[in-house]
Amino acid sequence: MDSLEALLAQIQGLSSTAADLSHLHTVLRQAEDSLLSEFSRLAPFLAQLDPSKHTLGYLYVLEAFASAPISREKASELFPLIVRFINACVVEQIHLAPDKFIFVCKKLKEQVMLLEVPIRGVAPMLTAVRKLQSSSEHLTALHPEFLLLCILAKCYKTGLSVLEDDIFEVDQPRDFFLYCYYGGMICIGQKRFRKALELLHNVVTAPMTVINAIAVEAYKKYILVSLIHNGQFSTTFPKYTSSVALRNLKNFSQPYLDLANTYNAGKISELEVYVQTNKEKFDSDSNLGLVKQVVSSMYKRNIQRLTQTYLTLSLEDIASTVQLNSPKEAEMHVLQMIQDGEIYATINQKDGMVRFLEDPEQYKTCEMIEHIDSSIQRIMALSKKLTAMDELMSCDPLYLSKAGRERQRFDFDDFDTVPQRFNI
């Protein structure tokens with residue numbers, strides 16, 4: 001009997017019980033080289049396997065079949081096989097060979113990129129992410145691949161579905177950097193700037209031994225989003241930021257820091273001149289659209305400053321003060337800001353006057369109470385998680401051995417004379 005046919009028979013006969021799967025896994029490991037050498041003959045064998053019953057065996061054969069160079073024709077043949085497998089595979093079996101599952105799913109991404117149809121990869125990749133995760137707190141190697149496809153396909157809302165999860169388990173640091181960077185871009189696309197700042201901040205302040213391109217690009221966007229959302233940018237880093245980031249990020253982002261300084265001066269004409277002068281630089285970084293939003297946000301900030309000084313003001317005065325072209329343009333800005341909840345005001349269309357109001361929120365509605373309660377519950381859950389992680393770390397052998405070495409640097413006898421009580 002042909003060795004491939006014999007392997008096929010073993011896959012079909014050893015895919016039911018845990019003991020059979022353990023034995024099959026050993027057989028498949030031993031057959032890897034022969035599968036790779038026979039990749040051109042594997043398509044008919046895949047047709048004889050059911051991914052919902054023979055997941056582990058199907059995965060090994062599919063990986064070998066997908067290892068060959070991919071042409072557009074091959075991608076068209078392989079794509080439906082991988083999608084079918086992702087949708088039908090058994091979670092417990094793919095967890096026996098997660099690296100192979102990741103490889104196959106990354107091949108799926110390559111295929112839709114080659115075929116220039118990233119949107120076709122979004123749904124199967126989300127399914128793959130959920131099947132590979134050990135829990136919703138687990139960041140897999142497929143998270144960045146999924147988010148990238150969402151960005152390329154402009155499926156931002158779909159990408160948000162994984163960004164709502166609290167992540168506590170990370171397999172590889174690079175996955176975390178890309179997850180937060182791509183996640184930040186998706187939130188920017190949805191104008192969810194607060195969440196975007198959180199994700200980009202995670203990239204900039206994450207531990208790193210050398211500076212990386214992801215952190216540099218995240219820092220540039222972090223500056224721009226800070227200006228849009230907060231109306232200011234602070235160059236101060238948290239204490240836990242790596243020294244590598246502290247030393248190098250600013251050196252790679254000087255045009256953006258200069259933009260922030262110009263923005264802080266509050267003069268729209270100077271900001272527009274600076275943007276025009278550095279347009280090519282921002283465009284080459286694919287940040288020109290975001291920079292234009294920064295310029296637009298300055299009008300909002302200047303209008304918000306007026307609410308702190310005046311109770312009423314004409315649209316003509318607003319246009320003149322914040323350097324808009326006409327009262328009509330000022331009216332459009334004010335209306336948009338009212339709709340977005342950025343200011344509280346009414347416009348008298350008859351005389352063109354704007355009346356600025358106080359925040360009407362009294363924090364006593366059922367919706368607000370539910371919102372506060374939800375926030376408290378989430379903080380309590382996070383506190384419990386941190387306590388559990390702290391206890392787990394305190395028992396970790398690597399941590400204990402390192403802590404033991406640190407303790408040897410000190411002579412604790414030097415502290416014997418410290419008084420235990422103080423008289424005040």
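What you are looking at is a predicted structure, and each value in this text was computed from that prediction instead of being measured.
- Between the OH atom of Tyr181 and the NZ atom of Lys221 there is a distance of 3.0 Å, given to the nearest 0.5 Å.
- Residue Phe282 is tested with Leu290, Leu288, Leu224 for a side chain to side chain contact (heavy atoms under 4.5 Å, CB included); the sole match is Leu288.
- Side chain of Asn212 to backbone of Ala215: a donor-acceptor contact under 3.5 angstrom is found.
- Here CG of Asn302 is found 9.5 Å from OG of Ser297. Values are rounded to the nearest 0.5 Å.
- Annotation: the span from Met185 atom CE to Ile151 atom CD1 amounts to 4.5 Å, rounded to 0.5 Å.
- For the residue pair Glu198/Asn202, the side-chain donor-acceptor check at 3.5 Å is not satisfied.
- A donor atom on one side chain and an acceptor atom on the other are found under 3.5 Å apart for Lys191 and Gln293.
- For the residue pair Ser135/His138, the side-chain donor-acceptor check at 3.5 Å is not satisfied.
- At a cut-off of 3.5 Å, with distance as the only test, a side-chain donor of Gln133 or Arg130 sits close to an acceptor on the other residue.
- Note on ring orientation: taking the six-membered ring where Trp is involved, the planes of Tyr222 and His201 are tilted (angle from 30° to 60°).
- With a 4.5 Å cut-off on side-chain heavy atoms, Val61 and Ile11 count as touching.
- Distance check, rounded to the nearest 0.5 Å: CG of Leu142 to CG of Leu148 gives 12.5 Å.
- A salt bridge links Glu164 with Arg192: the closest approach of a Lys/Arg side-chain nitrogen to an acidic carboxylate oxygen falls below 4.0 angstrom.
- For the side chain to side chain contact (heavy atoms under 4.5 Å, CB included) with Phe85, the lone residue among Leu108, Leu46, Ile94 that qualifies is Ile94.
- Residues passing the ring-ring contact (aromatic ring centres under 6.0 Å, His included) test with Phe65, sequence neighbours excluded: none.
- Gln254 contributes atom CD, which lies 12.5 Å from atom OH of Tyr256 (distance to the nearest 0.5 angstrom).
- A side chain to side chain contact (heavy atoms under 4.5 Å, CB included) with Cys155 holds for exactly one of Leu160, Ile119, Ile186, Leu126; it is Ile119.
- For the pair His23 (side chain) and Ala19 (backbone), a donor-acceptor distance under 3.5 Å is absent.
- Not one N or O on the side chain of Glu169 forms a donor-acceptor pair closer than 3.5 Å with the backbone of Glu137.
- Ring orientation note: the planes of His25 and Tyr60 are nearly perpendicular, at an angle over 60° on the 30°/60° scale.
- Using modelled atom types, one side-chain atom of Asn248 and one backbone atom of Val244 make a donor-acceptor pair closer than 3.5 Å.
- The main-chain N or O of Asn287 is never found under 3.5 Å from a side-chain atom of Asp285 such that the two would form a donor-acceptor pair.
- Between Asp166 and Arg378 a salt bridge is recorded (basic side-chain N to carboxylate O distance below 4.0 Å).
- Between the His143 side chain and the Leu163 main chain, no donor and acceptor come within less than 3.5 Å of each other.
- If you take OG1 on Thr307 and CD on Glu342, they are separated by 11.5 Å, rounding to the nearest 0.5 Å.
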